Participant: 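The following block contains the structure, expressed as structure tokens.
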Amino acid sequence: MISQKEYIKRRERLAKSLQINSMTLLLSATQKTRSHDTEFPYRQNSNFYYLSGFKEDSAALLIVKTKESIKEYFFVAKKEPQMELWTGKRLGVEKAKEIFSFDDVFEFTQLQEKIAAFSVGIDSFYYDFEESEARLTSLKSELKSVECFYNVASIIGSLRLVKSVAEINIIKEAINITKKAHHRAMQVSSKLTYEYQLQAEIEYVFKKNGAYSDAYTSIVACGNGANTLHYISNDKALEKNSLILIDAGCEYNYYASDITRTIPVSGAFSDAQKELYELVLSVNKAIIKMIRPKVLRSKLQSKSEELLCQGMLELGILHGSFQELLDAKAHKKYYPHGIGHWMGLDVHDACPYKDKNGKEIPLKAGMVLTIEPGIYLDADDKSVPKKYRGIGIRIEDDILVTKEGYENLSEQIVKEIEDITRKSNSNL
Ligand code: GLY
Ligand code: MN
Ligand code: MN
């Protein structure tokens with residue numbers, strides 16, 4: 001649970017970095033059409049949620065900062081019994097006034113008129129370019145005195161980089177549910193016929209344990225499917241002697257988890273699968289061990305590339321001199337993605353990697369990032385030793401940077417070969 005106090009503190013931190021005589025607008029997410037007149041389940045915009053904790057649509061937060069004061073105004077949907085009969089109860093203005101500590105609360109329909117009323121003397125306007133651009137066109141006519149428009153999302157992104165204790169606890173709970181799902185996948189894979197059946201087992205565990213949903217579409221890729229990085233069709237048969245790459249994590253109380261395990265359908269690794277798996281695992285562990293404050297993510301990236309390049313050379317996947325291969329980035333063909341990313345309210349948390357001056361932001365206690373090295377060897381790639389073709393492996397953990405170094409939040413999700421084999425042979 002995130003307390004009201006924490007939301008207030010977040011808004012105070014945001015307000016500090018806003019200019020005098022500025023207005024800042026954050027809008028709730030809009031409903032997204034799935035088809036014709038049905039909608040996707042509603043999910044609040046992460047930045048709006050970060051600052052308010054409010055889960056309804058048709059809502060807005062307006063911050064007006066002048067030399068004299070910082071005022072926060074909130075806008076919520078009107079209570080309409082006929083509408084609520086269909087789509088559920090709304091909090092409404094009066095209740096919102098009681099619960100939150102905004103300077104005033106209005107109906108969402110009043111947003112335009114209030115922006116006009118508060119915009120006297122305002123010369124800077126902050127909004128979320130991505131979420132609000134289209135919806136701002138009509139409001140811009142009210143902002144005649146405004147000279148500068150800024151993207152508030154990049155400021156909020158910086159605030160979101162370091163997680164609070166309360167946020168970390170929610171992320172831990174998300175990972176705990178995801179752990180149960182991956183372990184169940186290991187236990188049932190040999191008994192199933194199709195990838196989507198395994199996906200169903202995983203997402204059943206998410207839902208059963210109170211997760212809102214998957215944090216991103218689950219990847220359940222058997223055999224060569226794993227070599228498509230964003231494989232989400234999950235519609236192929238589970239082949240007995242293949243590996244399955246499972247990249248699946250739940251979203252719990254708005255926070256993501258992001259875990260990949262690569263397991264044998266049958267529970268037993270072949271020798272070739274083992275060789276590749278041990279290489280990826282050793283890189284996963286070596287990079288995690290490097291994590292501590294002040295380290296640069298680019299350092300983790302380059303080290304992971306070095307280690308995978310060296311390993312692929314030793315396995316006969318790459319040929320030539322190590323330094324030449326590394327310089328030519330030959331390994332990129334088989335390890336084409338980044339070592340990891342920030343994780344939080346978004347699975348790829350919308351936080352910056354560089355500061356205002358374009359300098360890379362070093363790791364700091366409280367940051368959460370994934371570490372996810374991989375090797376992808378396509379079935380049709382004749383330059384790869386035959387025994388390795390059609391194998392794709394990624395091992396992904398979620399890591400908290402601590403003062404002393406790191407905490408692997410997903411340590412409990414087994415990844416050693418013998419632990420996976422043991423898990424596969426254990427009963428549900
Ligand atoms: N699941 C998406 C990623 O690993 O980045
Ligand atoms: Mn992932
Ligand atoms: Mn990831």
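This is a predicted model, so every value here is computed, not measured. For ligands, and for the atoms within them, numbers begin at 1 and follow the listed sequence.
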Participant: Taking the inter-plane angle between the rings of F102 and F100 on a 0 to 90° scale, is it parallel (under 30°), tilted (30 to 60°) or perpendicular (over 60°)?
Facilitator: tilted
Participant: Quick check on side-chain contact (heavy atoms from CB on, under 4.5 Å): which of K329, Q323, E324 does D327 satisfy it with?
Facilitator: Q323
Participant: Looking only at side chains, do E173 and N169 share a donor and an acceptor under 3.5 Å apart?
Facilitator: no
Participant: Within less than 2.8 Å of the Mn ion (ligand 2), any N, O or S from D258?
Facilitator: yes
Participant: Which class fits the ring pair F48 and F74: parallel under 30°, tilted 30 to 60°, perpendicular over 60°?
Facilitator: parallel
Participant: Is the gap between the ring centers of F75 and F106 under 6.0 Å?
Facilitator: yes
Participant: Would you say R394 has any N or O atom under 3.5 Å from an N or O of ligand 1, going by distance alone?
Facilitator: no
Participant: Please confirm whether H337 approaches ligand 1 to less than 4.0 Å, judged on its heavy atoms.
Facilitator: no
Participant: Roughly, to 10 degrees, what angle do H341 atom NE2 and E372 atom OE2 form around the Mn ion (ligand 3)?
Facilitator: 80°
Participant: Is any side-chain N of the basic residue among E84 and R90 closer than 4.0 Å to the acidic one's carboxylate O?
Facilitator: no
Participant: Describe, in one word, how the ring planes of H341 and H348 are oriented to each other, choosing from parallel (under 30°), tilted (30 to 60°) and perpendicular (over 60°).
Facilitator: perpendicular
Participant: State the atoms of ligand 1, each with its element, that fall below the 4.0 Å cut-off from a heavy-atom position in H348.
Facilitator: 2 (C), 3 (C), 5 (O)
Participant: Just jot down the ligand 1 atoms closer than 4.0 angstrom to any heavy atom of H341, in number order.
Facilitator: 3 (C), 4 (O), 5 (O)
Participant: Would you mind naming the N, O or S atom of E396 nearest to the Mn ion (ligand 2)?
Facilitator: OE1
Participant: Show the atoms of ligand 1 that are less than 4.0 angstrom away from any heavy atom in D247.
Facilitator: 1 (N), 2 (C), 3 (C), 4 (O)
Participant: Side chains of N227 and D381: does their closest heavy-atom pair fall under 4.5 Å?
Facilitator: no
Participant: Considering only non-hydrogen protein atoms, determine which one is nearest to atom 3 (C) of ligand 1 and report residue, atom name and distance to 0.1 Å.
Facilitator: D258 OD2, 3.3 Å
Participant: Is the closest N or O pair between T260 and ligand 1 shorter than 3.5 Å?
Facilitator: no
Participant: Considering only the protein, which heavy-atom contact is closest to atom 4 (O) of ligand 1, and what is its distance?
Facilitator: E372 OE1, 3.0 Å
